[in-house]
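Data first, discussion second: the structure below is written as structure tokens.
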2 protein chains.
Amino acid sequence: MTKQVPQDDVEGEEALVTPPLDVGRLGDLLGFHLRMAHVAIYRDFADTMEELALTQKQLAVMELLAVNTGASQIDLANTLGTDRATMMALVNRLAARDLIERRPSQADRRRQELHLTEAGRAMLAQARKLIDSHEQRFIDLFSRDEMDALLAALKRIYKGN
Amino acid sequence: MTKQVPQDDVEGEEALVTPPLDVGRLGDLLGFHLRMAHVAIYRDFADTMEELALTQKQLAVMELLAVNTGASQIDLANTLGTDRATMMALVNRLAARDLIERRPSQADRRRQELHLTEAGRAMLAQARKLIDSHEQRFIDLFSRDEMDALLAALKRIYKGN
DNA sequence: TATTGTTATACTCTATAACTATA
DNA sequence: TATAGTTATAGAGTATAACAATA
């Protein structure tokens, strides 16, 4: 999916044809390093999931539905921090692929309950296997304590403490 | 710029109307927490920079040019991990606002050397002030040691060790 | 009045491919 | 042959606004 970063992230490679620039003040910004790390993982995820054609967010929706059967689009949007319209588009794409389905709620007829389909559950099972190897590549960079500290720090950032 | 996340990230607020779902297996994924943290900082950045209408990446380009005068689009793309076409669009937008300018290279006539304009330098000075308060909000969440460890961990992720 | 889903719209981001001019 | 810039194109992501049905 991303043929990007031709030489840069290949381990044990010699210097680039065009060497990376001095990052200057960017080096002091948490947001800069967070963004670079996020992009690195995002791309590895995309490459790993290429055969299944699932994005991080699509997988997130499916994992949420695996645990929260019948959740609404608003539930998903609130949990993942997006708005209704964005979630609508995301759900549309997954529904078009028959991975999830909408069912009208009996209790509140404004709502549509979202469910994984059989195909969705099968896809999720496959995805989890691929994700394991993807995650492992980054887990291997850290000790258990380091990883715990990293996850705690990231949570603190987006939960605002 | 982002009126998003209506209740979620307000400190000391009671439960949401629609409470966040159980994140299930997502809670174990580094990529999930990294993405959530990135989005949180990205939005705070966007809100902070609203008056200047500068994105994280636009600022990154300007900071890079502040230190690496005359760098090419390829240089910037390699450093920030994007491709030529994406950087082209980014540079176009900054150039259209007269914040940076292209100058033909004497040494290699395929190249354009990029420079901050006077307006660009002024904008950057303003931006740095706003960024300080933005960064401070997140720095305050951590001790010095915690922040050092966090930055080191993030670098390890995108530098592949 | 407020909420859920929905549609329409628009702009940004990202990447691919192909062209051009240089090297 | 390879590289830098460029253009065209397309799809995904993101958000706003407005409407209908329902609460």
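Below, chain A is the first sequence line, B the second, and so on; all start at residue 1. This one's a predicted model, so the numbers in the text were calculated from it and none came from an experiment. Both backbone and side-chain heavy atoms feed into the values below; hydrogens, waters and symmetry mates do not.
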Measure the distance from [atom1] on [X] to [atom2] on [N] and round it to the nearest whole Å.
X	N	atom1	atom2	value
B:H38	C:dC13	NE2	P	12 Å
A:M87	C:dT3	CE	C1'	17 Å
B:R103	D:dG5	CZ	P	15 Å
B:N78	D:dT3	CG	P	11 Å
B:R102	D:dA4	CZ	P	15 Å
B:D83	C:dT16	CG	P	7 Å
A:M88	C:dT7	CE	C1'	8 Å
B:N92	D:dA8	CG	P	11 Å

**OP:** Only pairs at least two apart or in different chains count here, so list each salt bridge (charged side-chain N to carboxylate O under 4.0 Å, His left out) that has a residue in residues 55-68 of chain A.
**Re:**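 Sorted result for residues 55-68 of chain A: A:E63-A:R128.
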
Sorted by first residue and then second, give each ring pair (Phe, Tyr, Trp, His ring centres under 6.0 Å) pair with at least one member in [range]; sequence neighbours left out.
range	answer
residues 81-102 of chain B	none
residues 115-135 of chain B	B:F45-B:H134, B:H134-B:F138
residues 68-111 of chain A	none

Check your understanding: Between B:R43 and B:D47, is there a salt bridge with N-O shorter than 4.0 Å?
Key ->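 So B:D47 does not pair with B:R43 through a salt bridge.
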
Polar atom pairs between nucleotides 11-13 of chain D and protein, under 3.5 Å, N or O only, would you list them?
unit_1, atom_1, unit_2, atom_2, d
D:dG13, OP2, A:R93, NH1, 2.1

Of B:R35 and B:A71, the one whose nearest nucleotide on DNA chain D sits closer to the 5' end is B:A71

**Message:** Please list all pairs meeting side chain to side chain donor-acceptor pair (under 3.5 Å) that have one or both residues in residues 118-127 of chain B, counting only residues at least two apart or in different chains.
**Reply:**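 Residue pairs passing side chain to side chain donor-acceptor pair (under 3.5 Å), neighbours aside: B:E118-B:R121.
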
With sequence neighbours left out, the residues meeting side chain to side chain contact (heavy atoms under 4.5 Å, CB included) with B:R110 are B:D108

Excluding sequence neighbours, so at least two apart, what forms side chain to side chain contact (heavy atoms under 4.5 Å, CB included) with B:Q136?
->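 Partners of B:Q136 by the side chain to side chain contact (heavy atoms under 4.5 Å, CB included) criterion, ordered by chain and then number, come out as B:I139, B:D140.
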
- Quick one: which of D:dT7, C:dG5, D:dT16 gets closest to the side chain of A:A85?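 Of all the options, the side chain of A:A85 is nearest to D:dT16.
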
For nucleotides 18-23 of chain D, give me every protein contact, N/O to N/O, under 3.5 Å, one pair per line with atom names.
unit_1, atom_1, unit_2, atom_2, d
D:dA23, OP1, A:R109, N, 3.0

Item checked: Partners meeting salt bridge (Lys or Arg N to Asp or Glu O under 4.0 Å) with A:R137 (sequence neighbours left out) ->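 Scan of A:R137 (salt bridge (Lys or Arg N to Asp or Glu O under 4.0 Å), adjacent residues dropped) gives A:D44.
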
query = Do the ring planes of A:Y158 and B:H33 sit parallel (below 30°), tilted (30 to 60°) or perpendicular (above 60°)?
reply = parallel

Let me have the donor-acceptor pairs involving side chains of residues 20-29 of chain B, under 3.5 Å, with sequence neighbours excluded, atom names and distances please.
unit_1, atom_1, unit_2, atom_2, d
B:D22, OD1, B:G24, N, 2.8

One would report the end-axis bend of the helix from C:dT1-D:dA23 to C:dA23-D:dT1, five pairs per end and rounded to 10 degrees, as 10°

